[in-house]
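What follows is a short report on a single structure.
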Amino acid sequence: DLPEFKGFEVTLDLYENVFAQGIILIPKNLKKGEKRPVVVCQHGLEGKPVDVCVPDKKTPYYNSFGAELARKGYIVFAPQNPYIGKTEFRQLQRMANPIGLSLFSFIIRQHEAILQWLKSIPEVDGTKIAFYGLSYGGKTAMRVPSILPDYCLSICSGDFNEWIGKNVSIDYVGSYMWTFEYEMYEFNLGKTFNYAEMAYLIHPRPFMVERGHSDGVGNDEMVSWEFSKVRRFYAMQDIPENTAIEYFKGGHEIHGKGTYEFLQKHLGWRSEEHTSELQSHHDL
């Protein structure tokens with residue numbers, strides 16, 4: 001409970017012994033009857049909602065971007081996704097694949113419940129629910145909004161890649177060929193979707209990539225190669241303004257500059273503070 005916003009822990013029942021969980025942050029300056037955009041802020045591998053939402057410090061990698069967006073006036077929801085618990089969640093992937101499912105089959109069902117619940121909140125503008133995730137959360141930003149159209153835009157941070165080449169390489173240092181993260185090899189992905197194709201499924205909704213030059217999940221050449229396909233696709237559909245990539249000097253982290261501008265542009269909402277800044281600039 002802070003001067004700018006208040007937070008609540010939320011648990012939503014899904015199936016027997018299966019639930020969706022997270023933290024919602026609600027700004028205190030909401031006017032009566034006002035509806036605000038929502039940004040769903042997704043943690044990465046072994047992360048928790050509090051990593052995204054802690055209000056009194058900048059958390060490693062996440063820089064408390066959920067709390068920062070709540071201070072800007074957005075309603076924020078930070079879900080707990082199941083990629084936590086070291087080998088436990090990877091066993092879910094192994095058991096799911098033989099029956100035609102994956103880890104994201106469960107994650108998508110969780111997000112269906114989250115979206116339904118968010119749209120039921122009177123203060124939420126149900127047409128403006130955005131997704132913004134880092135690392136495994138960026139992986140989620142590719143796979144969940146491509147299937148669930150109720151996410152009006154998606155931002156992939158610290159994950160967008162030429163995914164097939166990265167995974168099958170035996171000499172690239174960032175390949176998963178030599179790591180314990182065996183769940184990264186999603187069944188038949190190489191013959192179906194790379195990251196550009198996932199972005200095509202998000203189209204015509206806005207889609208953005210946030211890329212640190214020193215982020216070891218890929219290199220600029222791989223990321224740029226794959227994103228160029230996305231940029232071309234949006235341009236050929238006459239909506240090049242609906243996609244963007246921001247490179248920044250830094251690593252595997254939320255940068256929170258161009259992405260915040262992207263959210264503001266496409267969600268069409270500005271805080272009173274930002275409006276005052278614009279007015280001051282105009283007066284000068």
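For this chain, numbers begin at 1 and follow the sequence in order.
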Is K35 reaching over with its side chain to a backbone N or O of P122, donor-acceptor style, under 3.5 angstrom? yes
How about Y182: does its OH atom have over 12 heavy atoms from other parts shown lying under 6.0 Å from it? yes
Among side-chain atoms of Y132 and E210, is any donor-acceptor pair under 3.5 angstrom? yes
Do the side-chain N and O atoms of H43 and Y83 include a donor-acceptor pair separated by under 3.5 angstrom? no
Would the distance check show the side chain of E246 and the main-chain N or O of G258 forming a donor-acceptor pair, the cut-off being under 3.5 Å? yes
Spell out, as yes or no, whether a donor-acceptor pair under 3.5 Å connects the side chain of K128 to the backbone of L267. yes
Taking atom types as modelled, find out whether N219 and R211 have a side-chain donor-acceptor pair closer than 3.5 angstrom. no
Stepwise, does the salt bridge (Lys or Arg N to Asp or Glu O under 4.0 Å) test hold for E186 with R143? CA-CA 12 Å; E186 296 161 284; R143 290 158 176 79; 2.9 Å; yes
Strictly distance-based, threshold 3.5 Å: is any side-chain N or O of T192 a donor or acceptor partner for the main-chain N or O of N188? yes
Can you tell me if CD on Q237 sees more than 12 non-hydrogen neighbours from other groups inside 6.0 Å? yes
Might you work through the side chain to side chain contact (heavy atoms under 4.5 Å, CB included) test for N81 and T140, ending with a clear yes or no? CA-CA 9 Å; N81 269 8; T140 309; 3.7 Å; yes
With distance as the sole test, does S154 use its side chain to make a donor-acceptor pair with the main-chain N or O of P145 at under 3.5 Å? no
As a quick check of understanding, evaluate side chain to side chain donor-acceptor pair (under 3.5 Å) for E162 and N194, giving each step before the final call. CA-CA 7 Å; E162 201 289 275; N194 207 329; 2.5 Å; yes
Is the Lys NZ or Arg CZ of K139 less than 6.0 Å from the centre of Y136's six-membered ring, within 45° of the axis? yes
Out of curiosity, R231 CZ to I245 CD1, how far, rounded to the nearest 0.5 Å? 11.5 Å
Assess the side chains of Y61 and D51: does a donor N or O sit below 3.5 Å from an acceptor N or O? no
The criterion is side chain to side chain contact (heavy atoms under 4.5 Å, CB included); which residues satisfy it with K229, sequence neighbours excluded? A196, Y200, W225, E226, R232
Do side-chain atoms of S175 reach the backbone of Y172 as a donor and acceptor pair under 3.5 angstrom? no
Please test V144 against I107 for side chain to side chain contact (heavy atoms under 4.5 Å, CB included), starting from the C-alpha separation and ending with a verdict. CA-CA 8 Å; V144 172; I107 292 172; 3.9 Å; yes
What's the spacing between F233 CZ and N242 CG if we round to 0.5 Å? 12.0 Å
Roughly how far apart are F5 CZ and K72 NZ, rounded to 0.5 Å? 13.0 Å
Under 4.5 Å between side-chain heavy atoms, counting indirect links through other Ile/Leu/Val/Met/Phe/Trp/Tyr residues: same cluster for I24 and F65 or not? no
Assert yes or no for the condition that the ring centre distance of H213 to F248 is strictly below 6.0 Å. no
With a 6.0 Å cut-off on the ring centroids, do F193 and W163 count as close? no
Are the side chain of S224 and the backbone N or O of D220 linked by a donor-acceptor pair below 3.5 Å? yes
Taking atom OH of Y185 as the centre, report whether more than 12 heavy atoms of other residues, nucleotides or ligands fall under 6.0 Å from it. yes
Would you confirm whether Q42, through its side chain, and L134, through its main-chain N or O, come within 3.5 Å as a donor-acceptor pair? no
Distance flag, aromatic centroids of F207 and H203, threshold under 6.0 Å: no
Are more than 12 heavy atoms from other residues, nucleotides or ligands located less than 6.0 Å from atom NZ of K28? yes
Please lay out, stage by stage, how Q93 and F106 fare under the test side chain to side chain contact (heavy atoms under 4.5 Å, CB included). CA-CA 10 Å; Q93 180 88 312; F106 313 118; over 6 Å; no
Sorted by chain and residue number, the side chain to side chain contact (heavy atoms under 4.5 Å, CB included) partners of L14 (sequence neighbours excluded) come out as V18, R109, Q110, A113
Rounded distance (nearest 0.5 Å) linking atom CD of Q91 with atom CD of E183: 11.5 Å
Is the shortest side-chain N to carboxylate O distance from E181 to K86 below 4.0 Å? no
Donor-acceptor contact below 3.5 Å, side chain N161 vs main chain V217: yes
Is it the case that one hydrophobic cluster holds both I129 and Y74, taking links as side-chain heavy atoms less than 4.5 Å apart, direct or via other members? no
Using the ring of Y176 (Phe, Tyr or Trp, six-membered ring only), decide whether K166 places NZ or CZ under 6.0 Å from its centre and within 45 degrees of its axis. yes
According to a 4.5 Å side-chain heavy-atom criterion applied to Ile, Leu, Val, Met, Phe, Trp and Tyr, with indirect links allowed, do V52 and L153 form part of one hydrophobic cluster? yes
Side-chain donor/acceptor of S64 to backbone N/O of K57, under 3.5 Å: yes
Salt bridge R36-E34, side-chain N to carboxylate O under 4.0 Å: yes
